[in-house]
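Letters A, B, ... mirror the listed sequences (proteins, then strands); counts begin at 1.
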2 protein chains.
Amino acid sequence: MASTERDPEHRGGGDATTPDRIRDAAVDRFGRDGFGAGLRAVAADAGVTAGLVVHHFGSKDGLRKACDAHVLSIVRTEKTKVLTDGSALTLLTQLAGAERFAPTVRYLVRSLQAGGALAAALVDQMIADADAYLAAGVAAGVVRPSRDPAARARYLAHQNVGAMLLWFGLHPPAADHAAFREQFRRYVDQVTAPALELFAQGLLVDRSMLDDYLMYVPDPPTEGPAAAAAH
Amino acid sequence: MASTERDPEHRGGGDATTPDRIRDAAVDRFGRDGFGAGLRAVAADAGVTAGLVVHHFGSKDGLRKACDAHVLSIVRTEKTKVLTDGSALTLLTQLAGAERFAPTVRYLVRSLQAGGALAAALVDQMIADADAYLAAGVAAGVVRPSRDPAARARYLAHQNVGAMLLWFGLHPPAADHAAFREQFRRYVDQVTAPALELFAQGLLVDRSMLDDYLMYVPDPPTEGPAAAAAH
DNA sequence: GCAGCGATTGAACGAGTGTTTAATCTGATG
DNA sequence: CATCAGATTAAACACTCGTTCAATCGCTGC
């Protein structure tokens, strides 16, 4: 109220429509305080009242679905723009580096933490991206082939995303975007070296543990070319 | 109310005192529904009223602290009893296999997901355990030495715990203990083979990526014997 | 100018929360 | 038996939540 944003035409960057302003405020607020944040807080951030929020979005759940759709479209759009390795996790890292995408990434982290449809969609996409990226690496001769490529892609995606969620749960950043971006960068810094070391040299000196386990659980994962329908 | 547990002396397994019964009910309810569960729900599970809960524990936060202390003492007690590799994560897997510890493990998962003091303590303990276990493996010649053993232990603990949290967020089990234990077992089954494969053979065919990164970030992690005070 | 219509507000509602309080029940102690 | 302390309950309180509703504001078309 005290800042210079009363005139909707002269705001710093936006003649955004009111529903868009509410949605952006909701992404920001939900990302910072979690989905337990109240409608009145979101409304206050957008400079409106709680009644107007449900007038435009029907209910709190409708607002959240609009947020989900919006951030998912951002992810999909930016993925085609930015050339990365195709991994959605790498994309997240890229996005978190850009100032204006900090609320989006924060909302994504919150959403992955809470579970739900958006989280499942994101994780599925990350798994598919990792699978394709690893397969390309195998074809190029830089990644070792796996006994079960799908399981490996799933494993790596779950580990990467999950560790990030745990990290943010243990070290919650302050409310401002800069603190979140710094925390994200700190996490990447801390994780990169051990991850690369593990990827480069493994952990065990021989395969005896793996072979013992594979003997104990002898099922091959149906890696034949025509047996992929067993699901 | 309708079951045969009115007489506090003839219950199946317990002349437990009333605060203990309330605490156990809280562990169960918080583990299943999260810490947003209401005091009245906990009280109903214990067969008492909400007022009595705050009479014994002061407040909801006091109740939660009592739950934290209780499950932490269980973890510490069982760790000395069960001989595992010392990893708290392995202990979790063992505990989740025992019927009567299912609520405890479920509460631990919830607590790790929510963050807070108990989560930090658990993760710190897991990191310390992993560090010791890996060091012993290195000394025994079965684990490859690391450029930064502390960072590797932290990395592995975060990845393991985080992936488990993400898994339970994406595939929430039903309310009963059996469903939770089955979900836990399913996760372990799915994760073991790819993890062992990665540990045994790594992911990359050569060390060029790692060496490139280490050249780009040339700081050695102060692995000298007397330079550990830089924190 | 004026009817109409969506945007917007402020107040209210009902259900939920954690907590407080007065009253009752229970059992041991004098 | 009388008394006292703790356990226990039911009701009330103050608060927040999402949602609803009637009223007002501001603009557009006739």
Side-chain angles (χ1 to χ4, degrees), chain A residues 1-3 5-11 14-68 107 110-111 114 116, chain B residues 1-3 5-11 14-68 107 110-111 114 116:
Chain A
M1 284 185 190
S3 71
E5 58 180 0
R6 260 161 308 186
D7 193 336
E9 294 292 342
H10 292 171
R11 284 184 66 241
D15 47 353
T17 172
T18 303
D20 285 357
R21 260 178 37 236
I22 295 176
R23 165 177 48 65
D24 290 346
V27 168
D28 202 49
R29 178 59 80 162
F30 286 155
R32 279 189 280 122
D33 295 354
F35 297 105
L39 277 186
R40 288 166 177 85
V42 173
D45 290 350
V48 297
T49 37
L52 189 60
V53 177
V54 323
H55 170 71
H56 281 301
F57 294 94
S59 67
K60 185 181 185 178
D61 199 64
L63 174 62
R64 176 163 173 191
K65 278 179 182 136
C67 293
D68 283 4
Y107 182 92
R110 243 348 137 176
S111 200
Chain B
M1 285 192 186
S3 73
E5 57 180 359
R6 260 160 307 184
D7 193 336
E9 293 293 339
H10 292 171
R11 284 183 68 242
D15 48 355
T17 173
T18 302
D20 285 357
R21 260 177 37 236
I22 296 176
R23 165 178 45 69
D24 290 345
V27 168
D28 202 50
R29 178 60 80 163
F30 286 155
R32 278 189 282 125
D33 294 354
F35 296 106
L39 276 186
R40 288 167 177 85
V42 172
D45 291 350
V48 296
T49 29
L52 189 60
V53 177
V54 322
H55 170 69
H56 281 301
F57 295 93
S59 68
K60 184 180 186 179
D61 199 63
L63 174 63
R64 176 162 174 193
K65 278 179 182 134
C67 293
D68 282 5
Y107 181 93
R110 263 308 161 194
S111 199

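- For the pair B:Asp20 CG and D:dA7 C1', the interatomic distance rounds to 15 Å; values are reported in whole Å.
- Each of C:dT9, D:dT19, D:dT9 was ranked by its minimum atom distance to the side chain of A:Val54; first place goes to D:dT19.
- The side chain of A:Leu52 has C:dA7 as its nearest neighbour among D:dT9, C:dA7, D:dG18.
- Taking side-chain N and O atoms only, B:His55 has no distance below 4.0 Å to OP1 or OP2 of D:dT9.
- Put simply, CZ on B:Phe30 is 13 Å from C1' on C:dT17, counting in whole angstrom units.
- Nucleotide D:dA7 holds its C1' atom 6 Å from the NE2 atom of B:His56, rounded to whole Å.
- Salt bridge A:Arg23/A:Asp20: present, at least one basic N to carboxylate O contact under 4.0 Å.
- Considering only side-chain N and O atoms, A:Thr18 lies nowhere under 4.0 angstrom from the phosphate OP1 or OP2 of C:dA7.
- Taking only distance into account, the side chain of B:Arg40 never meets the base of C:dG16 through a donor-acceptor pair shorter than 3.5 Å.
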*asked:* Quick one, B:Phe35 with B:Lys60, criterion side chain to side chain contact (heavy atoms under 4.5 Å, CB included). Give me CA distance, side-chain angles, the key distance, then yes/no.
replied: CA-CA 10 Å; B:Phe35 296 106; B:Lys60 184 180 186 179; 5.8 Å; no
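- Computed from coordinates, the A:Leu39 CG to C:dC13 C1' distance equals 16 Å when rounded to whole Å.
- With hydrogens and angles left out, the side-chain atoms of B:Tyr107 and B:Asp68 include a donor and acceptor closer than 3.5 Å.
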